[in-house]
Amino acid sequence: MFHKILIANRGEIAVRIIRTCKYMGIETVAVYSDVDKDSLHVQLADEAVCIGGAKSSDSYLNMENIITAAISKGAEAIHPGFGFLSENSAFADLCLECNINFIGPNASVIKKMGNKSKARELMIQADVPVVPGSNGSVKNLEEAKKIALEIGFPILIKASAGGGGKGMRVAFNLNEFVSSFKTAKMEAKNAFGDDTMYLEKYILNPKHIEIQVLADKYGKTIHLGERDCSIQRRNQKVIEEAPSNIQNDLRNKMTQAAIKACEIVKYENAGTVEFLVSGDDFYFIEMNTRIQVEHPVTEMITGFDIVREQIKIASGEKLNYNQNDIKYTGHSIECRLNAENPKLNFKPGPGKITHLHIPTGPGIRFDSFIYIDYSVLPFYDSMIGKLIVKADTRKEAIRKMRAVLEELVVEDIPTNQNFLYMIMHDKDYVEGNFDTFFVERKIDSLLEYDEYE
Ligand code: ADP
């Protein structure tokens with residue numbers, strides 16, 4: 001087992017990883033940008049190294065500085081968390097070259113699965129159902145138009161290098177398609193430095209359901225069940241839960257497809273295979289080759305610490321359990337708490353936390369990095385914490401989340417707390433009638449709350 005791990009991240013996931021390292025008796029090295037010196041992850045780690053300025057490209061994406069920090073502190077492994085360098089194959093390669101363990105799959109797997117159109121091609125070869133669309137990437141507008149007409153509208157134009165909902169555009173007809181193709185391409189170029197595009201049929205009212213997998217270095221792959229992440233705003237997840245309410249037959253097919261997807265690329269470490277579900281059909285959309293924001297709901301119903309499993313796998317341990325050993329209990333829901341103002345079109349609202357009250361109790365977890373007097377910074381993601389509950393049934397989990405949202409106090413910055421509260425009270429949400437279009441369809445009623453209630 002490793003003695004010391006460097007965490008190449010910030011915010012709640014850095015804190016989350018440091019905590020597990022502590023439980024495992026592993027020393028930790030935090031890295032931070034100069035504006036992050038007061039961050040919780042810096043205070044919790046055994047050692048900390050400043051790696052550059054506020055801009056991510058100067059610090060959390062600065063591979064050389066991070067590797068130098070790891071070498072100088074004698075860290076044997078780097079945990080990349082999510083975002084930043086977590087799906088960067090060049091970084092995984094650089095770690096290998098410098099004799100440092102990258103806690104994740106190897107660079108060639110990241111390359112295969114990180115490029116979304118390539119991953120699509122691989123899945124087609126493996127007989128895993130994908131959304132109808134182009135086989136791989138499309139060469140140019142002419143070819144794209146031809147394929148679009150073949151598939152039929154509406155069409156979703158996607159960037160191969162895409163992530164976080166960027167570089168994605170819908171087109172309902174050929175006219176729209178031409179202009180959307182150009183815009184999406186430009187957006188992709190700006191966001192990812194790569195404007196390779198591919199096409200998918202735009203599935204109306206699907207559910208987003210994903211499978212958590214774990215694979216060791218010796219070819220053993222198991223899954224920890226699924227998560228429903230259909231509650232999204234602009235293709236970005238807001239609320240996730242486990243289990244989902246799909247039939248067992250469909251669940252079995254999806255978990256088998258996810259395992260197959262992993263086996264074909266010789267996947268190792270933790271990963272997530274994402275699908276869209278429409279009726280009885282399911283379609284692969286992408287694989288995330290890293291820990292995900294919503295991993296806690298799976299932890300809550302399986303009793304696993306997924307970060308601990310990641311570290312054990314990276315250190316060369318075998319998975320010493322089988323698929324049949326995985327047991328699921330109860331229902332878990334996660335709400336992403338963001339520093340943003342829903343009534344101002346979800347505008348980010350950084351600022352100082354002057355008052356904070358965090359509810360606790362059985363089956364309640366708050367993964368966060370905020371504390372009183374901490375200033376939420378404008379430079380990074382606006383997610384300030386994740387509220388997670390577990391109860392015996394979904395109904396009880398919803399009641400518990402309502403109670404948590406009622407009690408939570410975060411002042412004096414705007415948050416989406418009331419917006420989350422409204423979703424927890426929406427009749428369709430409560431009855432399980434929701435899909436990825438839920439928020440868009442209901443946005444007006446979800447914003448009908450009084451700020452000072
Ligand atoms: P990203 O990596 O940018 O998050 P994904 O491919 O994971 O992009 O898709 C994010 C979300 O966008 C999905 O959960 C879903 O809501 C929506 N989406 C993606 N592909 C399609 C599709 N073909 N049809 C309908 N919605 C889609």
Side-chain angles (χ1 to χ4, degrees), residues 82-84 86-88 110 113-124 128-138 144 147-148 151-172 177 180-181 184-185 187-188 190-192 194-212 226-241 244 254 258 261 271-279 281-294 336 381 383 434-443:
F82 49 64
F84 297 125
S86 62
E87 293 185 281
N88 187 312
I110 300 178
M113 284 310 214
N115 181 303
K116 293 165 74 163
S117 54
K118 278 203 194 124
R120 235 182 101 79
E121 279 178 65
L122 273 171
M123 292 306 110
I124 294 170
V128 171
V130 298
V131 186
S134 55
N135 273 340
S137 55
V138 288
I147 298 171
I151 311 167
F153 292 98
I155 296 268
L156 190 61
I157 304 156
K158 290 173 116 175
S160 298
K166 287 206 189 89
M168 220 193 267
R169 279 277 189 291
V170 195
F172 285 87
F177 184 82
S180 295
F181 188 81
K185 218 170 155 62
E187 204 174 285
N190 287 336
F192 316 110
D194 176 356
D195 63 358
T196 315
M197 307 305 285
Y198 68 106
L199 307 182
E200 277 180 2
K201 178 99 185 161
Y202 187 52
I203 311 280
L204 298 175
N205 309 316
K207 275 182 169 287
H208 173 118
I209 294 182
E210 57 186 35
I211 312 291
Q212 174 71 56
E226 84 281 4
R227 297 185 279 262
D228 185 322
C229 312
S230 301
I231 303 295
Q232 306 182 350
R233 188 183 152 265
R234 303 212 166 142
N235 303 323
Q236 302 254 46
K237 298 162 190 166
V238 182
I239 295 173
E240 303 95 346
E241 57 185 271
S244 70
M254 290 175 69
T272 301
V273 186
E274 298 192 331
F275 296 100
L276 292 183
V277 173
S278 176
D281 296 321
F282 67 97
Y283 310 100
F284 168 89
I285 48 169
E286 69 162 341
M287 176 159 195
N288 286 144
T289 58
R290 53 168 169 81
I291 187 103
Q292 278 189 304
V293 175
E294 60 272 25
R336 298 189 185 196
D381 195 89
M383 189 175 79
F434 58 86
D435 53 51
T436 60
F437 287 53
F438 171 90
V439 171
E440 195 185 313
R441 209 160 39 228
K442 301 233 172 193
I443 190 69

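Note that these values count all heavy atoms, side chains included, but never hydrogens, waters or copies made by symmetry. Both counts, for ligands and for their atoms, begin at 1 and track the order of listing. Since we're looking at a predicted model, the values are computed, not measured.
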Under a 3.5 Å distance rule, please check whether Glu294 uses its side chain to pair with a backbone N or O of Glu241 as donor and acceptor. no

Can you report which non-hydrogen protein atom sits closest to atom 9 (O) of ligand 1, along with the distance? Met168 CE, 3.6 Å

With the threshold set at under 4.0 angstrom, would you say Lys201 reaches ligand 1 through any of its heavy atoms? yes

Taking the six-membered ring for Trp, are Phe275 and Phe282 parallel (under 30°), tilted (30 to 60°) or perpendicular (over 60°)? perpendicular

Would you say Pro206 has any N or O atom under 3.5 Å from an N or O of ligand 1, going by distance alone? no

If you scan protein heavy atoms around atom 7 (O) of ligand 1, the nearest is Glu286 OE2, 2.6 Å

Please tell me if the side chains of Glu187 and Arg169 come closer than 4.5 Å, counting only heavy atoms from C-beta onward. yes

So if I count the atoms of ligand 1 from 1 in the order they appear, which ones are less than 4.0 Å from some heavy atom of Tyr202? 24 (N), 25 (C), 26 (N)

Side chain of Lys158, backbone of Glu200: donor and acceptor closer than 3.5 Å? no

The reported gap from CG in Asp435 to OG in Ser278 (rounded to nearest 0.5 angstrom) is 9.5 Å

Considering only heavy atoms of Glu274, which atoms of ligand 1 have at least one such atom less than 4.0 Å away? 7 (O)

Cationic N near anionic O, under 4.0 Å, Arg336 to Glu240: yes

Counting both backbone and side chain atoms, is some N or O of Lys166 under 3.5 Å from an N or O of ligand 1? no

At a non-hydrogen distance cut-off of under 4.0 Å, which region of Ile203 contacts ligand 1 (side chain, backbone, both, or neither)? both

Closer than 4.0 angstrom, basic N to acidic O: yes or no for Glu87 and Arg290? yes

Provide the number and element of each atom of ligand 1 under 4.0 Å from a heavy atom of Gln232. 11 (C), 13 (C), 14 (O), 15 (C), 16 (O)

Regarding ligand 1, does Gly165 bring an N or O atom to under 3.5 Å of one of the ligand's N or O atoms? yes

One residue to check: Leu204. Relative to ligand 1, which of side chain, backbone, both or neither has a non-hydrogen atom less than 4.0 Å away? neither

Glu274 and His208, any side-chain heavy atoms less than 4.5 Å apart: yes

Which of the numbered atoms in ligand 1 are under 4.0 angstrom from any heavy atom belonging to Lys158? 6 (O), 19 (C), 20 (N)

